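These figures come from a predicted structure and were not determined experimentally.
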Amino acid sequence: MLKALSYSSLFIAFNAFCLALFYSMLADGVVLARVSLVGIASFISYNAVQLIPVIKEGPLNERAEWMLLHSHGLFAAMALASGAILTLLPQLSLFDWLNYGHLFFLTLFYEKVVADFSLRSAPMLKPFLISYVWTMACAFPQIYEGQDNWWMLPECFLFIFALSALFDIRDIETDKSQGVKTFATELSPSMVKWIAGASMFLSFALLFYNS
């Protein structure tokens with residue numbers, strides 16, 4: 001059960017929903033359609049950028065093997081999720097369309113989904129790109145709800161950057177085998193942990209000072 005929740009990206013989609021809801025509640029501007037879109041779109045995008053390369057190139061780890069085995073069910077779930085998104089789009093503003101639209105294209109090029117190159121392979125870009133996408137999806141909508149919420153951008157970016165840096169330690173062997181340069185492959189794990197810790201500290205400092 002836990003493996004299915006993790007490998008199918010349901011858990012990370014739930015976290016995306018909660019993070020978007022968190023910033024909406026801080027800004028007193030909860031838009032349920034927007035928050036739901038973040039969660040559902042995360043489920044689709046995380047599965048797409050991992051499942052399609054697995055089908056093209058074959059599984060490289062346990063998670064990839066699980067996804068390949070359950071690919072038909074995952075594609076069916078992604079199709080249902082896409083239908084749910086279509087029902088949410090009319091409830092969103094033009095700013096939302098533009099914001100989530102550009103994030104959608106960035107996600108497509110994160111892995112080799114629609115092209116033979118991936119943004120993930122660019123040296124040292126991975127944690128910055130992931131942090132940017134999560135920040136624009138979860139925190140940025142609150143900026144045009146109220147200009148006093150500008151601090152949410154660096155706070156969210158630093159929070160996700162800290163997590164991304166730590167996950168790069170977990171992925172170090174995979175990244176090395178694929179020739180992807182990250183902080184974890186170029187620096188020592190202890191140095192990466194210091195960077196992540198400093199980023200998390202600054203994130204919490206911004207959060208507590210402004211809220």
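Of all heavy-atom pairs spanning Lys193 and Leu166, the tightest one is CG-CD2, 4.2 Å. Residues Val38 and Cys138 approach most closely at CG1-SG, 4.0 Å, considering heavy atoms. The two residues Phe161 and Pro127 make their nearest non-hydrogen contact at CE1-CB, 3.8 Å. A pairwise comparison of heavy atoms in Ile130 and Ser164 identifies CG2-OG, 3.5 Å as the closest pair. When all heavy atoms of Phe183 and Met124 are compared, the closest pair comes out as CD2-CE, 3.6 Å. The nearest pair of heavy atoms linking Met136 to Pro141 is O-CD, 3.3 Å.
Judged by distance alone, the side chain of Ser188 and the main-chain N or O of Met191 form a donor-acceptor pair under 3.5 Å. Of the possible donor and acceptor atoms, none in the side chain of Ser199 sits under 3.5 Å from a partner among the backbone N and O of Ala196. Remark: the backbone N or O of Trp151 is not paired with any side-chain donor or acceptor of Asn210 at under 3.5 angstrom.
Ring orientation note: the planes of Tyr46 and Trp134 are nearly perpendicular, at an angle over 60° on the 30°/60° scale.
Taking the ring centroids of Tyr132 and Phe157, they lie at or beyond the 6.0 Å cut-off.
A 4.5 Å side-chain heavy-atom check between Cys156 and Leu19 finds at least one atom pair inside the cut-off. In this structure the side chain of Ser93 reaches within 4.5 angstrom of the side chain of Asp96, judged on heavy atoms. Side chains of Tyr110 and Lys126 form a contact here, defined as non-hydrogen atoms less than 4.5 Å apart. Counting heavy atoms from C-beta outward, Phe22 and Leu207 have side chains that approach closer than 4.5 Å.
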field: Audit row: Ser24, Val31, side chain to side chain contact (heavy atoms under 4.5 Å, CB included) steps and yes/no
entry: CA-CA 7 Å; Ser24 297; Val31 179; over 6 Å; no
message: Between Thr135 and Phe159, does the side chain to side chain contact (heavy atoms under 4.5 Å, CB included) criterion hold? Intermediate values first, please.
response: CA-CA 9 Å; Thr135 299; Phe159 175 70; over 6 Å; no
message: side chain to side chain contact (heavy atoms under 4.5 Å, CB included) for Asn47 and Phe75? Distances and angles first, verdict last.
response: CA-CA 9 Å; Asn47 276 296; Phe75 277 121; over 6 Å; no
- request: Output, in order, the C-alpha distance, side-chain angles, deciding distance and verdict of side chain to side chain contact (heavy atoms under 4.5 Å, CB included) for Phe43 and Leu10.
  value: CA-CA 6 Å; Phe43 172 77; Leu10 279 172; 3.9 Å; yes
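Summarising the geometry, atom CE belonging to Met200 is positioned 13.5 Å from atom CD1 belonging to Ile195; distances are rounded to the nearest 0.5 Å. Here CG of Leu26 is found 10.0 Å from CG of Leu21. Values are rounded to the nearest 0.5 Å. Taken to the nearest 0.5 Å, the CG atom of Leu51 stands 13.0 Å off from the CD1 atom of Ile44. The structure places OG1 of Thr185 at 8.0 Å from CG of Asp168, a figure rounded to the nearest 0.5 Å. Of the inter-residue distances, the one linking Leu86 atom CG with Ile40 atom CD1 reads 10.5 Å to the nearest 0.5 angstrom. Atom-to-atom distance recorded for Asn99:CG and Leu94:CG is 11.0 Å, nearest 0.5 angstrom.
Hydrophobic clustering, with ILVMFWY side chains joined whenever heavy atoms are under 4.5 angstrom apart, groups Tyr23 together with Leu153. A chain of hydrophobic side-chain contacts below 4.5 Å, direct or via other Ile, Leu, Val, Met, Phe, Trp or Tyr residues, connects Met78 to Tyr100. Hydrophobic cluster membership is shared by Leu106 and Phe128, with clusters built from Ile, Leu, Val, Met, Phe, Trp and Tyr side chains linked at under 4.5 angstrom. Note: the hydrophobic cluster containing Leu158 does not contain Ile169 (ILVMFWY, side chain heavy atoms under 4.5 Å, direct or indirect links). Leu98 and Leu37 are not part of a single hydrophobic cluster, where members link through side-chain heavy atoms under 4.5 Å apart.
Environment of CZ in Phe167: sparse, with no more than 12 heavy atoms of neighbouring residues, nucleotides or ligands closer than 6.0 Å.
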